[in-house]
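Below is one structure, written out as structure tokens; comments come after it.
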Amino acid sequence: MSAETAATRPPATLYGAVALVLLQAVAVTVLAAVLVYADFTARATDLRLAAGVTVFALAIAAWLGAVAWGLLRRRPGVRGPGLALELMITAPAFFMINGGLPAAGWTVMGSALAVIGLVLAPATTRWLGWRERA
């Protein structure tokens, strides 16, 4: 493979990160759909808090989708917000692990840490246009 081909083709680490972020976005979207259903069937006294949680889940799903889109569009500025979001995802995963849902918690934690590793991989970093300092 020539250097030119390697420079024009996205690395596998990028595709892996995008696939995991899209999977996370789909999972959070499904969760938001379940929350919408729960909102419509909840008692009126619980509705305001429930709606807030639902809107937050929808915002996270949109943010994940934007990160995946930005990575595919080779936007280096999406790396920081994407990493911040993945770090935010590790907090609820930790509480899931300690709160009685260890399998789900480890799955969420593993996917977040995998995305962090793939986005920070040297091949992805180069592809996004970040240069090493001399």
Linking I/L/V/M/F/W/Y whenever their side-chain heavy atoms sit closer than 4.5 Å, directly or via other members, would [X] and [Y] fall into one cluster?
X    : Y    : value
M88  : L120 : yes
V115 : L83  : yes
L20  : M96  : yes
F94  : I116 : yes
F95  : V28  : yes

Q: Give the minimum heavy-atom separation between L118 and A17, together with the two atoms involved.
A: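 Closest pair (atom of L118, atom of A17, distance): CD1-N, 3.5 Å.
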Q | Minimum heavy-atom distance G65-A25, with the two atoms named | A |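 Shortest heavy-atom contact: N-CB, 4.1 Å.
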(Q) Which residue is it: T54, I60, V53? I am looking for the one with a side chain to side chain contact (heavy atoms under 4.5 Å, CB included) to F56. (A)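 When T54, I60, V53 are each tested with F56, the side chain to side chain contact (heavy atoms under 4.5 Å, CB included) holds only for I60.
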(Q) To the nearest 0.5 Å, what is the distance between OH on Y15 and CG on L22? (A)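 Here the interatomic distance stands at 12.5 Å.
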Q | Within-4.5 Å side-chain heavy-atom neighbours: V21 and L85 | A |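 When only atoms from C-beta onward are counted, L85 and V21 do not touch, as no gap falls below 4.5 Å.
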**Q.** Side chain proximity check, V119 to L71, heavy atoms < 4.5 angstrom
**A.**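 Contact flag for V119/L71 side chains = yes.
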Q. More than 12 heavy atoms of other residues, nucleotides or ligands under 6.0 Å from CH2 of W69: is that the case?
A.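 Open: at most 12 neighbouring heavy atoms sit under 6.0 Å from CH2 of W69.
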Q: Show the numbers, then the answer: is there a side-chain contact (heavy atoms from CB on, under 4.5 Å) between I89 and L64?
A: CA-CA 11 Å; I89 289 173; L64 285 164; 4.2 Å; yes
Q: Could you note down all residue pairs passing side-chain hydrogen bond (donor to acceptor under 3.5 Å, both in side chains) where residues 78-99 supplies at least one of them, sequence neighbours left out?
A: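 Of all non-adjacent pairs touching residues 78-99, those that pass side-chain hydrogen bond (donor to acceptor under 3.5 Å, both in side chains) are Q24-E86, R79-T125.
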**Q.** By side chain to side chain donor-acceptor pair (under 3.5 Å) - contacts of T29 (at least two apart)
**A.**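 Listed in chain order: nothing, the list is empty.
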